[in-house]
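What follows is a short report on a single structure.
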Amino acid sequence: MHTGRKLLVVVIVITVFLGAILALDPRFIPYSGILRNPFLLIFLFGPTIFFAILAVIKWRKGQIWQLAAFAIGLMCTGLFHQFVAGEADGNPGYTVPATHIAAPAVSLAAYLAAFFGTWAVLRVTKKLRRTILHDDQEENKLGDE
């Protein structure tokens, strides 16, 4: 494995860890509420669970960009959960503000944006590499003549 790829994996692991800490803050939804109602867990963290499974499947097949996109999406989700926790005035277990209900949609949007953005950056980078390689090959052909 290349050094750059190893460094990327370390950065992804740290980002996932920080995003998970932010997203699973008990001020957002108390752990007792999740334990009492597993459907609440599925509702709130459904997009996260889906994209985590997708990223791990792709990672096992040797593709790492989906894992990087998941890490970015999880960090955005965690930041939104921190915003909601701050707006809930420390009482999210008794009152469920509209932002709690919107949390899965915001998470889904964050993951889709992260996956699409990462895909687009990789696509443009790949195209630029091909263009540069093609230009270098043509330059070498002219030098041979």
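None of these values were measured; they are calculated from a predicted model.
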Following the transitive rule for hydrophobic clusters with a side-chain heavy-atom cut-off under 4.5 Å over Ile, Leu, Val, Met, Phe, Trp and Tyr, establish whether [X] and [Y] coincide in one cluster.
| X | Y | answer |
| --- | --- | --- |
| Val9 | Ile72 | no |
| Ile64 | Val13 | yes |
| Ile14 | Leu22 | yes |
| Val84 | Leu40 | yes |
| Phe43 | Ile49 | yes |

N/O donor-acceptor pairs under 3.5 Å from side chains in residues 103-110, not counting sequence neighbours:
residue : atom : partner : partner atom : Å
Ser107  : OG   : Thr77   : OG1          : 3.4
Ser107  : OG   : Ala103  : O            : 3.1

Can you pull out every side chain to side chain donor-acceptor pair (under 3.5 Å) where at least one residue sits in residues 40-59? Sequence neighbours excluded, please.
Thr48-Tyr111
If you measure from [atom1] on [X] to [atom2] on [Y], what distance do you get to the nearest 0.5 Å?
| X | Y | atom1 | atom2 | result |
| --- | --- | --- | --- | --- |
| Leu35 | Leu41 | CG | CG | 9.0 Å |
| Phe17 | Leu74 | CZ | CG | 11.5 Å |
| Lys127 | Thr125 | NZ | OG1 | 12.0 Å |

Check the pair Phe28 / Leu44 against side-chain contact (heavy atoms from CB on, under 4.5 Å), numbers first and verdict last.
CA-CA 10 Å; Phe28 174 69; Leu44 289 175; 3.9 Å; yes
According to side-chain contact (heavy atoms from CB on, under 4.5 Å), who are the partners of [X], at least two apart in sequence or on a separate chain?
| X | result |
| --- | --- |
| Trp65 | Gln63, Phe115, Thr118, Trp119, Leu122 |
| Ala52 | Phe70 |
| Thr15 | Val11, Ala71, Met75 |

I want to check something: taking the side chain as every heavy atom from C-beta on, are Phe51 and Leu112 in contact at a cut-off of under 4.5 Å?
yes
Under the ring-ring contact (aromatic ring centres under 6.0 Å, His included) rule, collect the residues that match up with Phe45, sequence neighbours excluded.
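Result, ring-ring contact (aromatic ring centres under 6.0 Å, His included) vs Phe45: His81.
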Around atom OH of Tyr31, are there more than 12 heavy atoms of other residues, nucleotides or ligands at under 6.0 Å?
yes
